[in-house]
Amino acid sequence: MPSTKPFLSEAILAILICCFLQPAIAQVTDPFEVDALKNIWSSLIDPKGNLNNWKSGDPCTSNWTGVICYNTTSRDGYLHIKELQLLKMNLSGNLVPELGHLSHLKILDFMWNQINGSIPKEIGNITTLELLLLNGNNLTGSLPEELGNLPNLDRIQIDQNHISGQLPKSFANLNKTKHFHMNNNSISGQIPRELSRLPSLVHFLLDNNNLSGHIPPEFSQLPKLLILQLDNNNFSGSSIPDSFGNISTLLKLSLRNCSLQGPIPDLSKVPKLGYLDLSWNQLTGSIPSNKLSDNITTMDFQNNNLTTISDTLNPPANVSIWLYRNPVCSNASQLNILQLCRPETNEQRNSSNVDNVDINCGPCPTVDYEYNPLSPFSCFCSVPLHVWICSVEESGIFQF
Ligand SMILES: *[C@@H]1O[C@H](CO)[C@@H](O)[C@H](O)[C@H]1NC(C)=O
Ligand SMILES: *[C@@H]1O[C@H](CO)[C@@H](O)[C@H](O)[C@H]1NC(C)=O
Ligand SMILES: *[C@@H]1O[C@H](CO)[C@@H](O)[C@H](O)[C@H]1NC(C)=O
Ligand SMILES: *[C@@H]1O[C@H](CO)[C@@H](O)[C@H](O)[C@H]1NC(C)=O
Ligand SMILES: *[C@@H]1O[C@H](CO)[C@@H](O)[C@H](O)[C@H]1NC(C)=O
Ligand SMILES: *[C@@H]1O[C@H](CO)[C@@H](O)[C@H](O)[C@H]1NC(C)=O
Ligand SMILES: *[C@@H]1O[C@H](CO)[C@@H](O)[C@H](O)[C@H]1NC(C)=O
Ligand SMILES: *[C@@H]1O[C@H](CO)[C@@H](O)[C@H](O)[C@H]1NC(C)=O
Ligand SMILES: *[C@@H]1O[C@H](CO)[C@@H](O)[C@H](O)[C@H]1NC(C)=O
Ligand SMILES: *[C@@H]1O[C@H](CO)[C@@H](O)[C@H](O)[C@H]1NC(C)=O
Ligand SMILES: *[C@@H]1O[C@H](CO)[C@@H](O)[C@H](O)[C@H]1NC(C)=O
Ligand SMILES: *[C@@H]1O[C@H](CO)[C@@H](O)[C@H](O)[C@H]1NC(C)=O
C-alpha cells in the first residue's frame, strides 16, 4: 500500500486547486440541471408564455420564473435548484423523467395546471425532496413505487387528478411523510397494511377513489394520525375495525358511503374525536351508548341500518347528530330521538360539514412552517400565508 498516501495527497491538492484556489468564477447553475430544465420546458405547453424567460440566460442568475435556487455555490462550484414553483401557470403537456436530475430539489410544485400523462418514476431519485405537489392536474397512470425512496418527503399531494392503480407498499418507507393527500383520483385495490408503520403520518386523505377490500385494522397503530378520510370508496361488506377504538390521536374519522357493514365500534376511548361521519353505509346494531369525546361536534349516522339507541344517549346541546333513514327512527317515540331523525337540510349540512375542508389547503409557505395544530381542520399556518402558494382562498373551500 505504499503508493496510496502520495496518491491521496495529490488528489486532495487537486481538489483544493480546483475548488478553492481558482480565481473567482461567475456563479452558474449546474449544467446538468440546466439541461433538465430545458427538457422539462420542452414538454410543457405554455399558452400564456409564463415561462418565456426560460429561453435564455442562466436559471439561477437570470431569474427564471418559478425557479428558486440555493443562494450559495455548492462545493462542486455550481448553483443548484432548490424549488420549482409552477403553481397555476396554465401549463399543460407532460412531466419528463429528467425531473429526476434536479437532485438538490426540495419543492416540486405543479399544483393547479392541466398537466397530463403520468408521474415520472425518476422523481424517486430526488432524495432531498420535501414537498411533492401535483394536485389539481390531469395526471393519469399509477403511483410509481420509486416515490417510496424519498427519505425526506414531508408531503405528497396528488389529489384531484386521474391517478389509478394501487397504493404502492413501498410508501411504507416514507418515514418523514406527514401528509398523504390523494383524494379524488381512481386509486383502487386494498390499502396496504404496511402503511400502518408510517411514523409521521398525520393526514390520510383517500376519499373519492376506487378502493376496495377492507380498512386495515393495523391503522390503529399509526402514532400520529389526526385525520382519516376515506369517503366514497367501496370496502364492500367489511366493517370498521374494532381497533379504531384505540386511536388516541384521531380528530376526524370520515367514512361516508364506503359500503361498510357490521356494528359501530366503541369509540369512547378516542378522546379528541371531533367529527365522525359514518353515513350512507349499511351499519347495523346500536348507536354507541357510551359517551364519546367531549370535543365531538358532529356525528353523522344517516342512511344506515341502525336499529337501537341507548336510553342514556344525552348529547351536549351543541353536538350535531344525524340519524335520518335508520330503522331506529321508525320505532322511535321519544321526542329527543325523533329530533335526531329529521332530514338534514342543505344549510345544516353545510354548516356542520367539515368534509374536504382540509383537502385543498396548499402547503404552508416553506417546509419549516406547519398547519397550526390547534386548528386541525383549517389551513392556518403558524405564520401568515402567502396567497400565491396557498390557493385555499380562491378555491372557495376555506371555511374556517
Ligand atoms: C424576478 O422576476 C420577477 C417576475 O417574474 C420579478 O417580480 C422580480 O422582481 C425579479 N427579481 C429579480 C431579482 O430580478
Ligand atoms: C441563504 O439561504 C439561507 C437559507 O437557505 C438563509 O438563511 C440565508 O439568509 C440566505 N442568504 C442570503 C444572502 O440570502
Ligand atoms: C390562466 O388563464 C386564465 C384564463 O385564460 C387567466 O385568467 C389567468 O390570468 C391565467 N393565469 C396565468 C398565470 O397565466
Ligand atoms: C395529453 O393531452 C393531449 C391533449 O390535451 C393529448 O393529445 C395527449 O395524448 C395527452 N397525453 C397523454 C400522455 O395522455
Ligand atoms: C433514477 O431513477 C431511475 C428509475 O427509477 C433509475 O433507473 C436510475 O438509475 C436513477 N438514476 C440515478 C442517477 O439515480
Ligand atoms: C383536463 O381534464 C379536464 C376534465 O377533467 C378536461 O376538461 C380538460 O380538457 C383536460 N385538459 C387537458 C389538457 O387534457
Ligand atoms: C424508516 O424507518 C424504519 C424503522 O426505523 C427503518 O427500518 C427504515 O430503514 C427507514 N426507512 C428509510 C427510507 O429511512
Ligand atoms: C371529489 O369528488 C366528489 C365526488 O365526485 C365531489 O363531490 C367533490 O367535490 C370532489 N372534491 C374535490 C375537492 O374536488
Ligand atoms: C373501479 O374499480 C372497478 C373494479 O374493481 C372497475 O371496474 C371500475 O372501472 C373502477 N372505476 C373507476 C372510476 O376507476
Ligand atoms: C362495490 O364492489 C362490489 C364488489 O365487491 C360491486 O358489486 C359493487 O358494484 C361495487 N359498488 C360500487 C358503487 O362500485
Ligand atoms: C379536547 O381537545 C383539546 C384540544 O385538542 C384537548 O386538550 C382535550 O383533552 C380534549 N378533550 C378530551 C376529553 O380529550
Ligand atoms: C338491516 O339489518 C337487518 C337485520 O338486522 C337485515 O335483515 C337487513 O337485510 C339489513 N338491511 C340492509 C339494507 O342492510
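Each ligand, and each atom within it, is numbered from 1 in the order the structure gives.
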TODO: Using distance alone, determine whether Q160 and ligand 8 share an N or O pair under 3.5 Å.
DONE: yes
Task: S236 heavy atom under 4.0 Å from ligand 10 - done: yes
- [ ] Could I get the full list of disulfide (SG to SG under 2.5 Å) partners for C258, not counting sequence neighbours?
- [x] none
- [ ] Look at the aromatic rings of H104 and Y70 and report parallel, tilted or perpendicular, splitting at 30° and 60°.
- [x] perpendicular
Task: F219: ring pair (Phe, Tyr, Trp, His ring centres under 6.0 Å) partners, not counting sequence neighbours - done: F204
- [ ] Compile the protein residues with any heavy atom at a distance under 4.0 Å from an atom of ligand 5; present them by chain, then by number.
- [x] K121, E122, N125, E146
- [ ] Show which atoms of ligand 8 fall inside a sub-4.0 Å distance from at least one heavy-atom site of N184.
- [x] 1 (C), 2 (O), 3 (C), 8 (C), 10 (C), 11 (N), 12 (C), 14 (O)
TODO: Scan side-chain atoms only and decide if N152 and K176 contain a donor-acceptor pair under the 3.5 Å cut-off.
DONE: yes
Open item on the list: Any donor-acceptor pair under 3.5 Å linking the side-chain atoms of N94 with those of S43?
Closed with: no
Open item on the list: Run the ring pair (Phe, Tyr, Trp, His ring centres under 6.0 Å) test against Y324 and tell me which residues pass, sequence neighbours left out.
Closed with: none
- [ ] Go through the side-chain N and O atoms of T65 and N50 and say whether any donor and acceptor fall under 3.5 Å apart.
- [x] no
